[in-house]
K.L.:
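Below is a structure I'd like to ask you about.
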Amino acid sequence: MTQEGRVPRFAVLGAGMSGILAAVKLREAGLDFTVFEKAEKVGGTWRENTYPGIACDVPSHLYSYSFELNPDWSYYCSPGAEIQDYFEGVTDRYGLERKMRFGDAVTRCEWRDGMWDVGTASGYRDRFDWVIAATGILHHPKLPDIEGLESFGGSMFHSARWDHSVPLDGRRVGLVGTGSSGVQITGALAHRVARLSVFQRTAQWVVHTDQVEYSEEQRGAFRSDAERLERIRAKMEVDFHDGFATQVLDADSGLSEGIEAQCTKDLETKIADPELREKLRPDYRAACKRLVVSHNFYDAIQHPNTELITESIERVEPEGVRTADGRLHELDVLVLATGFHVDRFMRPMRIVGRDGVLLDEVWEKRPSAYLALAVSGFPNFFMLNGPNSPVGNFSLIETAERQFAYVMQLVERVRRGELSVAEPTAEAAQRFEEERTEAAKKTVWATGCRSWYLDDRGIPFAWPFPFSRFREEMSAPRLEDYRGADA
Ligand code: N01
């Protein structure tokens, strides 16, 4: 069905950071849309992750929509609850809730007769011209494959499913995992609990930072001078994306060595006990795993209540965790900060494209997407922060904004009849994937460590090019890469 001469309809899947962004932009453009959200409120990762100590380690003035700068961020890197409030505030200000369907998960999207037929768990159905999948990456908690896990007699939960009804003060808490989540949890719990047993499988490179709080005076100055805030954000964008986050992924740039030297210096000067220091010293290159940023991990790990355990976990028993040296670490609470299944994206939704092709089959080996956005065979279906997107130490907000602006250019082309639908050709998708894979093998992520950046072949799945290339690609679609698919 042609979209010429009528207002196209959009289904946005997910009301997290990317979904809210899509809704704001679609509203501004006067287009018709529905946002589908399986939970009862907006926020995505910031709604789901409420663990003690949660914060964003990307500076807050950068981790904000470019059109909704916030003079009131309390810290340089603000706590998660404040970020959740920010997203709820944006949703309110733009009156988006009335366009959102909460508490009903999308279970299928099927391309039929030139439109997407979208269905939910409750049986609701509607038809749309476009689907924008904004379902996130770090979304499906991964439980560790540890013998006896289910036999634990105390309280046990994943970091992204924190059970706030479980008391922690004065109790014996075990924590499995020392990624970004585990490190933040350690910082928040060490002084609260009777004993914190941190089970570390692999040491992390930790970038130690100061926690910078914005004074009321500074916030007042941001409020009264919007241009100043814009300048600060623009500078952060250059420093962070083109500088830090881009250079750090280049295995040959001097920056990753510089970061390693700085992290080593912090480790040497901040950890007093030589034995503990060696346990915390990584044996792979800095930034091979996502860099962990913390203002309090080194203090917390040296707190008298904390023990860092590097013996491997043999099994979980009703009383606690048994390590390979035979020792039983008795626990009341066991927290699993063990990461996420990062290859699911909008699955388990059933997504059926042109000629009945199933996304699950196309992605049988692993997910991939043309320019990190679209899949051949799936017309007018675009993902924000989907497979192969820039991850790492970037702001995912800027990524989503640029991706959405790109999609809107295609929407316009289709409305003008220059394309019947927007779908990358199989050749363009394959060419991009081959080039991406080759570049990925040369990144710091591929220098020999285990991390969630690696696919089933051990090749990093993320955007491996400089952020400048991402900006350039997103600035204008190459129409020759699209087919005017028969709708
Ligand atoms: O998860 P992870 P995360 N036995 O996958 C360990 C973002 N984030 O939730 O290193 C023992 O990084 C595993 O050990 P190892 C950010 O992008 C951002 O912490 O694989 N241990 C590792 O230590 C981040 O990268 C913020 O050997 C096991 C940990 O669990 C991403 O989310 C804050 C194990 C998993 O680390 C994911 O971080 C928080 C087992 N069987 C998160 N299985 C910001 O501030 C796993 N582990 C923006």
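As the structure lists them, so they are numbered: ligands from 1, and atoms in each ligand from 1. In this text the structure is predicted, and so the values were computed from the model without any measurement.
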K.L.:
May I ask you to identify the nearest protein heavy atom to atom 31 (C) of ligand 1, giving residue, atom name and distance to one decimal place in Å?
P.N.:
Trp452 NE1, 3.6 Å
K.L.:
Please identify which of these residues, Leu291, Leu280, Val292, meets the side chain to side chain contact (heavy atoms under 4.5 Å, CB included) condition with Gln204.
P.N.:
Val292
K.L.:
Report the member of Lys289, Arg450, Lys142 with the shortest heavy-atom distance to atom 10 (O) of ligand 1.
P.N.:
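Among Lys289, Arg450, Lys142, the closest heavy atom to atom 10 (O) of ligand 1 comes from Lys289.
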K.L.:
Can you tell me the protein heavy atom closest to atom 27 (O) of ligand 1 and the distance?
P.N.:
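Here the nearest protein heavy atom works out to Thr202 OG1, 2.5 Å.
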K.L.:
Counting only nitrogen or oxygen atoms and a 3.5 angstrom limit, does Tyr51 reach ligand 1?
P.N.:
no
K.L.:
Heavy-atom contact check, 4.0 Å cutoff: does Val176 meet ligand 1?
P.N.:
yes
K.L.:
Among Thr45, Ile146, Asp57, Thr178, which one has a heavy atom closest to atom 23 (O) of ligand 1?
P.N.:
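Closest candidate by heavy-atom distance is Thr178.
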K.L.:
Within the 4.0 Å heavy-atom shell around Ala55, which atoms of ligand 1 are there?
P.N.:
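Once the distances to Ala55 are compared, the set is 44 (C), 45 (O).
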K.L.:
Take Thr202 and Arg450 through the side chain to side chain donor-acceptor pair (under 3.5 Å) test and state the conclusion after the steps.
P.N.:
CA-CA 9 Å; Thr202 311; Arg450 170 176 43 209; 3.2 Å; yes
K.L.:
Are the aromatic rings of Tyr51 and His158 close, with centres under 6.0 Å apart?
P.N.:
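Centroid distance Tyr51-His158: not below 6.0 Å, so no.
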K.L.:
Once salt bridge (Lys or Arg N to Asp or Glu O under 4.0 Å) is applied, do any residues pair with Glu48, and if so which ones, sequence neighbours excluded?
P.N.:
Lys38, Arg161
K.L.:
Cation-pi check for Phe297 against Lys270: NZ or CZ below 6.0 Å from the six-membered ring centre and within 45 degrees of the axis, yes or no?
P.N.:
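Geometry flag: not set, cation outside 6.0 Å or 45°.
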K.L.:
Quick check on Cys56 - does any of its heavy atoms sit under 4.0 Å from an atom of ligand 1?
P.N.:
yes
K.L.:
Which residue owns the protein heavy atom closest to atom 41 (N) of ligand 1, what's the atom, and how far is it?
P.N.:
Pro144 CB, 3.3 Å
K.L.:
Looking only at protein heavy atoms, which one is nearest to atom 18 (C) of ligand 1, and how far off is it?
P.N.:
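Checked against all protein heavy atoms, atom 18 (C) of ligand 1 sits closest to Ser180 CB, 4.1 Å.
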K.L.:
Could you tell me which atoms of ligand 1, counted from 1 in the order shown, lie closer than 4.0 angstrom to a heavy atom of Gly177?
P.N.:
6 (C), 23 (O), 29 (C), 30 (O)
K.L.:
Any nitrogen or oxygen of Ile313, main chain or side chain, under 3.5 Å from a nitrogen or oxygen of ligand 1?
P.N.:
no
K.L.:
With ring centroids as reference points, do Tyr63 and Trp73 lie under 6.0 angstrom apart?
P.N.:
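When the ring centroids of Tyr63 and Trp73 are compared, they turn out to be at least 6.0 Å apart.
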K.L.:
Is it true that the SG atoms of Cys449 and Cys288 are less than 2.5 Å apart?
P.N.:
yes
K.L.:
Would you please determine whether Tyr453 falls within less than 4.0 Å of ligand 1 on a heavy-atom basis?
P.N.:
no
K.L.:
Counting heavy atoms only, which of Ala337, Gly339, Gly179 comes nearest to atom 30 (O) of ligand 1?
P.N.:
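Comparing heavy atoms across Ala337, Gly339, Gly179, the nearest one to atom 30 (O) of ligand 1 lies in Ala337.
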K.L.:
When you measure from the heavy atoms of Phe340 to every atom of ligand 1, does any distance fall below 4.0 Å?
P.N.:
yes
K.L.:
Under the salt bridge (Lys or Arg N to Asp or Glu O under 4.0 Å) test, which residues partner Glu330, sequence neighbours left out?
P.N.:
none
K.L.:
Atom 32 (O) of ligand 1: which of Leu138, Leu291, Asn49 has the nearest heavy atom?
P.N.:
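Closest candidate by heavy-atom distance is Leu138.
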K.L.:
Ion pair present between Glu278 and Arg281, side-chain N to carboxylate O less than 4.0 angstrom?
P.N.:
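A salt bridge links Glu278 with Arg281.
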K.L.:
Please write down residue, atom name and distance for the protein heavy atom closest to atom 4 (N) of ligand 1.
P.N.:
Arg201 NH1, 3.9 Å
K.L.:
Would Arg223 and Glu216 pass as an ion pair if we require N to O under 4.0 Å?
P.N.:
yes
K.L.:
Charged N to carboxylate O below 4.0 Å: is that the case for Arg436 and Glu473?
P.N.:
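Salt bridge: no.
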K.L.:
For the residue pair Tyr76 and His295, is the inter-centroid distance of their aromatic rings smaller than 6.0 Å?
P.N.:
no
K.L.:
Test of understanding: given a 4.0 Å heavy-atom threshold, classify the contact between Gln184 and ligand 1 as side chain, backbone, both, or neither.
P.N.:
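Side chain only.
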K.L.:
Which residue and non-hydrogen atom of the protein lie closest to atom 9 (O) of ligand 1, and at what distance in Å?
P.N.:
Ser181 OG, 2.7 Å
